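Both counts, for ligands and for their atoms, begin at 1 and track the order of listing. The shown structure was predicted, so the numbers you read here are calculated from the model rather than taken from an experiment.
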Amino acid sequence: MIRLNEIALTFETLWPAAGAEPWDAPGFVSTHADALTGILLTVDVTGAVLAEARAKGCNLVVAHHPFLLKGTQEVNHDSLKGSVLSFAVKNSIAVFSAHTNADIVENGVSDVIAKKLGLTDLAPLVSTADSVGHGRIGRLAQPMQLQRFAALVAEVLPFSARGVAVAGDPEQEVSTVALCGGAGDSFIDAALASAADVYVTSDLRHHPTLDATLTPRQKPLALVDVSHWAAESLWLESAASSIQNAHEGVPVFVSEVVTDPWVFSINRGER
Ligand SMILES: [Zn+2]
């Protein structure tokens with residue numbers, strides 16, 4: 001029988017809290033003193049995820065995104081945050097997150113995406129300490145055209161409504177790949193300064209993307225924009241097996257709830 005304080009030690013080993021960015025808020029937002037009955041992993045904490053946790057008999061939800069991050073003023077039961085949190089408290093479901101501290105480590109969010117893409121000679125795109133850091137840069141086993149690389153990215157990720165969007169010449173050859181799980185436009189400059197042929201991340205905006213593609217360098221940098229949820233969801237299986245290895249007796253599940261807010265996309269001429 002294990003309790004939250006014991007599992008918290010495992011989380012600290014996997015994703016040391018000291019590795020989190022100063023603005024970040026990982027850790028527990030709700031706890032209880034009960035024995036652990038099961039753990040559910042998710043990218044985001046929503047009402048549907050908590051309902052799934054209850055249905056699966058899990059009293060701990062481990063999320064990538066912190067549930068309370070930006071200046072929450074109240075948790076009234078009829079508000080978005082309050083309704084979810086009061087459900088968690090009423091049902092004795094603890095909620096924990098490992099965010100930027102899970103981004104930077106080995107087998108963390110960016111590392112898992114890089115490995116799924118088959119990249120080798122992996123290094124952080126921006127180092128923060130010995131062998132850890134933001135994003136990853138690595139090499140494809142075989143150079144390929146950008147179009148084929150984008151198809152590989154789409155194959156590796158779960159389905160997302162907006163798919164994979166590409167900025168760059170479809171026939172450009174790519175062999176060195178930089179990537180960052182989540183909204184990585186703050187690392188575009190690092191990608192431009194690196195040997196990367198292409199940078200894969202999420203939530204890319206018009207101006208930084210346009211500027212990056214036009215920035216003079218030996219070879220233009222291509223950019224690949226992927227669903228934030230889809231990219232980060234790849235980490236869940238890996239995190240689940242790390243937890244399971246440390247605590248064999250505790251049931252560990254990956255949530256079946258898709259928290260990607262984008263449901264469909266349509267283009268001119270399509271119905
Ligand atoms: Zn994220």
How long is the span from the CG atom in L60 to the CD1 atom in I2, to the nearest 0.5 Å?
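CD1 of I2 is found 9.0 Å from CG of L60.
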Hey, is the Zn ion (ligand 1) within less than 2.8 Å of some N/O/S atom on H64?
no
Quick one: report the N, O or S atom of E232 that is nearest to the Zn ion (ligand 1).
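Closest N, O or S atom of E232 to the Zn ion (ligand 1): OE1.
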Does the Q142 side chain pair with the main chain of S175, one donor and one acceptor, at a distance under 3.5 Å?
no
Could you tell me whether K115 and E106 make a salt bridge, using a distance below 4.0 angstrom between a side-chain N and a carboxylate O?
yes
For the atom pair CG (L192) and CZ (F187), what is the distance rounded to the nearest 0.5 Å?
14.0 Å
N/O/S atom of H65 inside 2.8 Å of the Zn ion (ligand 1), strictly under
yes
